[in-house]
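Beneath this line is the structure, given in structure tokens, with notes to follow.
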Amino acid sequence: KTFTDLIITGTFSNAVNDPITINGNLQNDGTYTVGTGQVTFGGATSNTITGTSTTAFTSLRINKGTSSANVLDVQSLITLTAGGLTLTNGTLEFSNSGVTITPFTVDITAAPFLIPVNAGLWCNGATINAGNMNWSVAGELRISSGTVNLGTAANNNFRAAGADLAKLTVEGGTFNV
């Protein structure tokens, strides 16, 4: 199932657990039941997740173009199964302070790495947690507001990976390693 924009004011149910691709915006003002199917945000444009209802994802993939320039901005409340995020291309921004997620539970220590060179993860108000693990990053981790808690034990690290293109930007908020 592929959508340009998905606007929900009633009930949207993916009872058959099919993969869903959204190449535009998601607005959830109703009931969204995704099931266990992966939801991919694609398209080479910047888009948003908005709405008055909480949107629950089991598996979320960001594949927005061929660089980190295109941003998917999560402006509303979402939940995500722990470890359910895959970044391929584009930047995932969390700008809602009510969001608390654990996007990764296992590091990817070889290419394409946890945050690939053409991807980014941007904390702009949310709380992003990680378990007892390192983060191997070839793209960008950006913190403008909110909190990123990387690791729960000694020697959990942010590791620049790949061709020395990794970027850590802390321009506000808190980064706990």
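Here, residue 1 is the first one in the sequence, and each next residue gets the next number. Predicted model only: the values in this text are computed from it and were never measured.
Hydrophobic clustering keeps F57 apart from W122 (ILVMFWY residues linked when any side-chain heavy atoms are closer than 4.5 Å, directly or through intermediates). Under the 4.5 Å side-chain heavy-atom criterion for grouping Ile, Leu, Val, Met, Phe, Trp and Tyr, I22 is connected to F12 within one hydrophobic cluster. Neither V117 nor I62 shares a network with the other; the hydrophobic side chains, linked directly or stepwise wherever heavy atoms of I, L, V, M, F, W or Y lie under 4.5 Å apart, form separate groups for each. Cluster annotation: L168 is not connected to F113 through the hydrophobic network of ILVMFWY side chains, with a link wherever side-chain heavy atoms come within less than 4.5 Å. A continuous path of Ile, Leu, Val, Met, Phe, Trp and Tyr side chains, each step under 4.5 Å between heavy atoms, connects I115 with V99, placing both in one hydrophobic cluster.
Taking 4.5 Å as the limit, every side-chain heavy atom of L26 sits out of range of all side-chain heavy atoms of V39. Side-chain contact between T174 and I143 is absent, with no heavy atoms from C-beta onward closer than 4.5 Å. I128 is not listed as a side-chain neighbour of N149, based on a closest heavy-atom distance of 4.5 Å or more. Proximity of I78 to T54: side-chain heavy atoms (C-beta onward) are nowhere separated by under 4.5 Å. Residues I20 and F41 have side chains not in contact (no heavy-atom distance under 4.5 Å, counting atoms from C-beta outward). Side-chain contact check for L6 versus Y32: some heavy-atom pair is nearer than 4.5 Å. Contact of the N23 side chain with the T2 side chain is registered, since non-hydrogen atoms from C-beta on lie closer than 4.5 Å. A 4.5 Å side-chain heavy-atom check between L121 and L87 finds at least one atom pair inside the cut-off.
Taking both residues in full, the closest heavy atoms of S53 and G30 are given as OG-O, 2.8 Å, listed atom of the first, atom of the second, then distance. Contact record, A161 with A166: N-CB, 4.1 Å, taken as the closest heavy-atom pair. Nearest heavy-atom pair, A119 versus T88, reported as atom, atom and distance to 0.1 Å: CB-O, 3.9 Å.
The main-chain N or O of S95 is never found under 3.5 Å from a side-chain atom of N124 such that the two would form a donor-acceptor pair. Between the side chain of S67 and the backbone N or O of A69 there is at least one donor-acceptor pair closer than 3.5 Å. A donor-acceptor pair under 3.5 Å links the side-chain atoms of S46 to the main chain of V71, judged by distance alone.
With hydrogens and angles left out, the side-chain atoms of Q75 and N96 include no donor and acceptor closer than 3.5 Å. Of the N and O atoms on the side chains of N25 and Q27, not one donor lies less than 3.5 Å from an acceptor on the other residue. With no hydrogens or angles considered, a side-chain donor-acceptor pair links D29 and T52 at under 3.5 Å. Judged by distance alone, the side chains of K64 and N47 do bring a donor and an acceptor atom under 3.5 Å apart. A donor-acceptor contact under 3.5 angstrom links the side chains of T55 and N28, judged on distance only. A side-chain N or O of T169 and one of E140 form a donor-acceptor pair less than 3.5 Å apart.
Ring geometry for F158 versus F175: interplanar angle over 60°, hence perpendicular rather than tilted (30 to 60°).
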Got a list of side-chain donor-acceptor pairs under 3.5 Å for residues 101-112, not counting sequence neighbours?
| from | atom 1 | to | atom 2 | distance (Å) |
| --- | --- | --- | --- | --- |
| D107 | OD1 | S136 | N | 2.9 |
| D107 | OD1 | S136 | OG | 3.4 |
| D107 | OD2 | S136 | OG | 2.8 |

